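Here the structure is laid out as structure tokens; the discussion comes afterwards.
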Amino acid sequence: MIASISGIRGIINQDLFLPDIARYVENFSAAASAKRFLVGRDTRISGDAIVRTVCGALMSSGAEVLDYGVISTPALFRESRLLAAPAVMVSASHNAPEWNGLKLVVNGGMIAQAELDEVLAGKRKTVSRAPSGKLRYGQKSSYNRELIEMAGRESGSGVSVALDLNGGAAIPHAPAILQGIGCRVKVLGGTQGVFGRTIDPTGDDLRLLTEAVREGGLEAGFAFDCDGDRLVLVDNEGRKRTGDFMLALAIKKLLPNLKNRTVVVSADTTQAVDDVVSNLGGKVYRSKVGEANVVAGMIKEGATLGGEGSSGGLIDGSYNYCRDSMIAVITIVKAIKKSGKRVFGEVPSYEQVRLKVPLERKKALAAIKKLQREHPEADLLDGIRLKTGAHSWVLIRASGTEDALRVSAESTSGEEAKELADSYLKRVEKLA
């Protein structure tokens, strides 16, 4: 099991069990001191049993529970913010289908590390509630309607797109929202719980989506992960673009509308964001990798926009304090409506290589610490980040969501980025 500010995740009945989930939720309920909780889930087969466990644990504490069923993480976060109610999202996000877990939400964002420690340790608060809680099934979010109204019902009129939903929680949202703003939509993977490719779209070649865009003469394609917060863009030529490219493009389109042009991104995000923001008179700050870390940085710096390039995640704090794929999709669709295919050439594109190898977290951290001692000049914000040239860098860090070592490298050429990533991976493996 992995417990971090990204959530509690594990393989069900292997290292994460229903009694443990019930205990964590009971502790969260006590710590949150709320009379009402929201619950939702993605489309994994274990989700229904976990939701029943979660609802039972919350009701046993006397809370009213609003069950939204299958809903995307951004949609549930938005409901939490609107209703000022804590929430439990049952999901392991981009992890493999056999994984599942909990995202614990307060004030419309992920709980902080101190609160997570309290949940895991079992420290309790006395809460005054009714003797028994109520469960309300079939709750409907206002997410689709809100986004259609915010974008404008004809804002995407005539734009042709393909959606690779891969059986995930974007199914109730993405087609309806894009059709609602006038797009012509082709849906792939529209059956809930049927995963036709890797859960994480950033790590898949998206063959069916790229073919659908290219052969259908469509203007763009969008691929989602299981809980609908990550996004990968396919351009009009059927080329899969990186999550970093998508983030830089979305920020370029949104930032001119803001007075405060401060942006916060994770340590592994492309320098293209720096180029875009600098050209618009703004400033970029970096945080540790992880959505909650980026959000904390945004709040600290007073930034409206932020994100993580590696996970294809745009965060618009004016609407949601989480990665929100549909905000990014709408932004890009509106840009295509205005500028056509030229939009895909409007931001610089660097080459990235991201490697992940299984390695026990303790060993990964120990190896990184040795490498840090060899490079006192390095940026140590998150693992170790080395500037290797005017337009190249490498980042080595321990994953926060699984037992793995992650190496990210960027340069102007794919060959150089690969050489950087491979060489530093070998160095760290020797140190481990």
Side-chain angles (χ1 to χ4, degrees), residues 5 73-75 77-82 84 105-113 143 146-147 149-152 155 229-231 233 243-339 343 346-350 379 381-382 385 393:
I5 55 174
T73 287
F77 271 61
R78 180 60 179 170
E79 288 296 296
S80 173
R81 185 165 173 171
L82 288 174
V105 186
V106 291
N107 301 321
M110 293 287 288
I111 63 172
Q113 185 64 51
Y143 182 78
E146 263 196 320
L147 287 184
E149 292 176 355
M150 284 171 54
S155 59
D229 61 350
R230 293 185 173 216
L231 179 71
L233 166 69
D244 291 90
F245 177 87
M246 181 281 298
L247 179 62
L249 178 57
I251 288 174
K252 178 178 174 62
K253 295 302 175 183
L254 291 171
L255 199 60
N257 301 320
L258 302 177
K259 290 183 178 179
N260 181 352
R261 297 187 178 180
T262 299
V263 174
V264 178
V265 294
S266 57
D268 61 347
T269 295
T270 178
Q271 57 198 310
V273 170
D274 300 75
D275 297 342
V276 165
V277 174
S278 176
N279 288 338
L280 291 170
K283 185 173 183 180
V284 174
Y285 291 88
R286 278 182 159 73
S287 74
K288 289 185 176 182
V289 175
E291 174 184 280
N293 292 320
V294 176
V295 169
M298 291 170 63
I299 293 171
K300 178 183 177 183
E301 303 299 340
T304 299
L305 294 180
E308 292 187 285
S310 60
S311 63
L314 171 72
I315 303 171
D316 181 348
S318 68
Y319 185 77
N320 239 346
Y321 274 130
C322 71
R323 293 182 298 250
D324 195 321
S325 59
M326 289 311 302
I327 294 286
V329 170
I330 290 170
T331 300
I332 293 169
V333 163
K334 290 172 72 174
I336 293 172
K337 170 74 174 175
K338 181 179 180 180
S339 304
V343 72
E346 292 184 9
V347 296
S349 180
Y350 296 92
D379 180 347
L381 173 64
D382 191 358
R385 189 176 193 269
W393 54 266

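The model shown is predicted, which means the values in this text are computed figures rather than measured ones. Counting from 1, the numbers follow the sequence of the chain as shown.
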Separation of Glu291 CD from Cys322 SG (nearest 0.5 Å)
5.5 Å
Sequence neighbours left out, what passes salt bridge (charged side-chain N to carboxylate O under 4.0 Å, His left out) with Asp244? Give chain and number order.
Arg354
How long is the span from the OH atom in Tyr319 to the CD atom in Glu146, to the nearest 0.5 Å?
4.0 Å
Please collect all side-chain hydrogen bond (donor to acceptor under 3.5 Å, both in side chains) contacts where either partner lies in residues 322-331, sequence neighbours excluded, each pair once.
Tyr143-Asp324, Asp229-Arg323, Glu308-Arg323, Asn320-Asp324
Under the side chain to side chain donor-acceptor pair (under 3.5 Å) rule, collect the residues that match up with Thr262, sequence neighbours excluded.
Asn260
Taking all heavy atoms of Ala272 and all of Pro348, pick out the closest pair and write down the distance.
CB-O, 3.4 Å
With sequence neighbours left out, write down each residue that passes side-chain contact (heavy atoms from CB on, under 4.5 Å) with Gln113, or none if nothing qualifies.
Ile5, Leu116, Asp117
Between Tyr285 and the options Val264, Val263, Val294, the side chain to side chain contact (heavy atoms under 4.5 Å, CB included) test singles out Val264
Which pairs would a plain distance check flag for residues 298-307, meaning a side-chain donor or acceptor within less than 3.5 Å of a matching protein atom at least two apart in sequence or in another chain?
none

In chain order, what residues pass the side chain to side chain donor-acceptor pair (under 3.5 Å) check against Lys253, with sequence neighbours excluded?
Glu346
Pairwise distance CD1(Ile327) to OG(Ser318) - rounded to 0.5 angstrom:
7.0 Å
List the residues meeting side-chain contact (heavy atoms from CB on, under 4.5 Å) with Val105, not counting sequence neighbours, and say none if there are none.
Phe77, Ser80, Ala87
Phe245: which residues meet the ring-ring contact (aromatic ring centres under 6.0 Å, His included) condition with it, sequence neighbours left out?
none
Rounded to the nearest 0.5 angstrom, the CD-OG distance for Glu149 and Ser155 is 12.0 Å
Minimum side-chain heavy-atom gap Leu280-Pro256 below 4.5 Å
yes
For Ser266 versus Gly309, what's the shortest heavy-atom pair and its separation?
OG-N, 4.3 Å
Under the rule for side-chain contact (heavy atoms from CB on, under 4.5 Å), what residues qualify as partners of Asp274, not counting sequence neighbours?
Gln271, Val284, Arg286
Set of side chain to side chain donor-acceptor pair (under 3.5 Å) partners for Lys338, sequence neighbours left out:
none
Quick one: NZ on Lys334 to CG on Leu254, what's the gap to the nearest 0.5 Å?
8.5 Å
Partner residues of Asp379 under the side-chain contact (heavy atoms from CB on, under 4.5 Å) criterion, sequence neighbours left out:
Leu381, Arg385
Of Val289, Val273, Thr270, which meets side chain to side chain contact (heavy atoms under 4.5 Å, CB included) against Val265?
Val273
What is the minimum heavy-atom distance between Leu247 and Gly313, and which atoms define it?
CD1-O, 3.6 Å
Check Arg261 against Val277 and note the closest heavy-atom contact, atom names and distance.
O-CG1, 3.7 Å
Taking side chain to side chain donor-acceptor pair (under 3.5 Å) as the definition, give me every residue that meets it alongside Asp275, ordered by chain and number, with sequence neighbours left out.
Tyr350
If I take atom CD1 from residue Ile330 and atom CG from residue Leu147, how far apart are they, to the nearest 0.5 angstrom?
4.5 Å
